[in-house]
2 protein chains.
Amino acid sequence: MTESRYRDIADVLEREIADLPPGTRLDSEHALMKRFGVGRSAARSAVQELERRLRVRRIQGSGTFVSERIDYVISRDRRPSWHRTVREAGGVPRTVVLDHRVAPLEPDCASLLEVPVGTPAHRLVRSSYIDDMIAAFSFEWITHDAIPDLSVGMRVEESLDEVLRQMGHVHSVRSWCRTASDIPPADVQARLELTTAVPVWVVESVNRDIDSGVALTYSKSWMRGDSVRVVMEIGEPAARFSVTPNETKEVVPQ
Amino acid sequence: MTESRYRDIADVLEREIADLPPGTRLDSEHALMKRFGVGRSAARSAVQELERRLRVRRIQGSGTFVSERIDYVISRDRRPSWHRTVREAGGVPRTVVLDHRVAPLEPDCASLLEVPVGTPAHRLVRSSYIDDMIAAFSFEWITHDAIPDLSVGMRVEESLDEVLRQMGHVHSVRSWCRTASDIPPADVQARLELTTAVPVWVVESVNRDIDSGVALTYSKSWMRGDSVRVVMEIGEPAARFSVTPNETKEVVPQ
DNA sequence: GAGCATTTGTCCGTATGTATT
DNA sequence: CAATACATACGGACAAATGCT
């Protein structure tokens with residue numbers, strides 16, 4: 001492969017920031033120029049390389065910051081809760097309601113929630129953060145029957161899963177889920193504060209009450225790849241196999 | 001957001017190549033400079049933007065080519081066959097065996113295949129292509145019981161699923177699967193002919209015989225994001241919902 | 001194999017624009 | 001308003017990989 005100074009610099013920086021807490025600011029491009037004795041382009045390429053590796057995110061006018069990337073494991077038996085998942089990974093979750101209204105369900109949502117088209121349901125639009133860094137953007141539909149006064153609950157508790165438990169007296173579990181990765185549409189890209197077109201996670205999910213089996217919520221979320229690593233599992237649990245497919249012990253032959 | 005000429009150029013080119021067959025070569029950077037009346041950096045940035053959008057892949061010394069991106073849908077009821085999936089998407093699949101040996105199973109694989117540690121099994125290392133463009137790289141372990149003379153079958157048929165059907169007389173189905181997206185280790189990155197560190201799919205799968213329930217194969221594959229869009233589904237099928245989570249009808253409020 | 005043109009990859013210096021603090 | 005930091009862009013140069021003669 002082609003030699004490159006910027007890759008060396010990126011490797012050095014990657015090792016350095018490995019132990020730094022998320023949100024820590026890196027040296028500016030100008031500082032890197034002086035430190036490594038290179039021009040602007042090499043210094044800039046190095047930091048962009050780290051951005052491609054999902055190690056940092058850059059904000060114009062502000063700086064380059066160590067990113068926080070948590071595992072978001074989706075399987076039949078895990079609670080469908082953003083807040084819970086983030087906290088278990090050691091991050092501080094936060095969710096902001098951008099819009100909340102009660103509206104009749106469109107055909108797509110209605111069929112997934114197994115109610116007649118036009119049935120009124122809560123419609124939430126929210127942004128989610130990890131350690132105050134934007135991580136996800138989502139639409140959520142919650143059947144009106146599950147919890148008529150959703151807004152009351154959402155004022156004291158950010159986790160939808162928790163609100164449904166405490167005020168709706170239902171325990172939601174994932175009954176269906178579809179995950180992919182894609183270039184988001186421009187509006188979603190803007191919501192995720194992405195300045196360039198990169199793949200993000202698309203997670204759709206239908207949750208039901210564990211006891212009655214009644215469909216409660218349908219959600220469609222976009223998640224930044226540098227915030228979460230979505231891991232999706234189907235079938236019987238992986239016996240004694242490690243959960244992280246990160247480490248590769250196998251060596252490529254020849 | 002920041003204005004940029006290169007984004008405009010990228011948009012123009014993206015529309016132009018939308019209808020071109022995969023593998024078609026784009027204009028060189030030099031040609032784009034003259035055509036759009038910009039310098040090299042702007043022309044180059046435009047093509048790199050298309051690369052980030054997974055629309056093209058670039059090969060040093062050769063050129064920039066329209067990429068082929070197929071849907072790879074993983075669910076309980078779909079056949080675990082690369083060749084079948086690619087062909088259904090209109091692409092031409094090809095697989096090359098890099099290494100084939102019979103070796104005793106390590107603990108991890110043995111437990112997933114539910115046989116004693118050290119049981120001999122076939123170990124395949126293969127590269128897979130779509131329209132002669134590298135798309136995937138995988139390790140596969142096949143229990144020796146399922147098909148003792150695997151190499152004979154692999155000489156006439158590239159699809160492992162087909163070989164097992166025709167020579168092993170077993171019909172494999174996915175019993176467990178885990179999918180994620182990650183920056184690959186350097187050796188895998190090289191195998192995928194990636195010159196920069198970008199996220200790729202990691203798909204692990206255990207397949208069993210549909211009749212006896214006996215575990216047949218365990219595989220770990222890496223797939224380029226600009227070759228396949230992995231879609232994974234758990235739970236009951238999505239009713240009348242479209243399979244592609246691409247189109248976003250919802251409008252972001254305010 | 002050697003040589004050559006083409007194409008992308010890396011890097012420099014410099015300048016200006018834009019967003020944040 | 002000023003300073004800082006990232007974003008875009010120009011022109012030039014050389015390196016490395018590819019493909020063809």
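A, B, ... follow the sequence lines: proteins, then strands. Residue 1 opens every chain.
Atom CG in A/Asp27 sits roughly 15 Å away from atom P in D/dT4 (whole-Å rounding). When the P atom of D/dA7 is taken as reference, atom CD of A/Glu193 falls 14 Å away, rounded to whole Å. One can place CE of B/Met33 at 12 Å from C1' of D/dA9, the figure rounded to the nearest angstrom. Rounded to a whole Å, the CD atom of A/Glu29 is 14 Å from the C1' atom of C/dG17. Atom OH of A/Tyr6 and atom P of C/dC12 are 13 Å apart (whole Å). Between the CG atom of A/Leu194 and the C1' atom of D/dA7 there is a distance of 16 Å, rounded to whole Å. At whole-Å resolution of the value, NE2 in A/His30 and P in D/dA3 are 14 Å apart. The interatomic distance linking B/Arg44 (CZ) with D/dG11 (P) rounds to 16 Å, in whole Å.
Here the nucleotide nearest the side chain of B/Ile59, chosen from D/dA5, C/dG9, D/dT18, is D/dT18. Distances were taken from every side-chain heavy atom of B/Ser4 (C-beta onward) to each of C/dC11, D/dA9, C/dG9; the shortest belongs to D/dA9. Closest to the side chain of B/Arg58, out of C/dT8, D/dC10, D/dA7, is C/dT8. Here the nucleotide nearest the side chain of A/Arg25, chosen from D/dT4, C/dT8, C/dC11, is D/dT4.
At least one side-chain nitrogen or oxygen of B/Arg7 sits closer than 4.0 Å to the OP1 or OP2 atom of D/dT8.
For A/Gln60 against D/dA7, a side-chain-to-base donor-acceptor contact under 3.5 Å is absent.
In this structure, A/Arg57 reaches neither bases nor backbone, as no heavy-atom distance under 4.0 Å exists between it and the strands shown. Residue A/Ser41 is in base contact, counting any heavy-atom pair closer than 4.0 Å across all strands shown. Nucleic acid contact class of B/Val47 (heavy atoms, under 4.0 Å, all strands): none. In this structure, A/Gly39 reaches the sugar-phosphate backbone alone: every heavy-atom distance under 4.0 Å involves primed, P, OP1 or OP2 atoms, never a base.
Heavy-atom nearest nucleotides on DNA chain D were determined for B/Arg40 and for B/Ser45, and the one closer to the 5' end corresponds to B/Ser45. Both A/Ser62 and A/Ala43 lie close to DNA chain C; mapped to their nearest nucleotides by heavy-atom distance, the more 5′-ward contact belongs to A/Ala43.
Closest non-hydrogen pair, B/Trp201 versus B/Arg229, comes out as NE1-CA, 4.4 Å.
Salt bridge status for A/Asp161 with A/Arg79: present, with a side-chain N to carboxylate O gap under 4.0 Å. With respect to the salt-bridge test (charged N to carboxylate O, under 4.0 angstrom), the residues B/Arg58 and B/Glu51 do not qualify. Electrostatic pairing of A/Arg40 and A/Glu29 counts as a salt bridge here, judged by a charged N lying under 4.0 Å from a carboxylate O.
The aromatic rings of A/Phe139 and A/Trp222 lie perpendicular to each other, with more than 60° between the two planes, well past the 30° mark.
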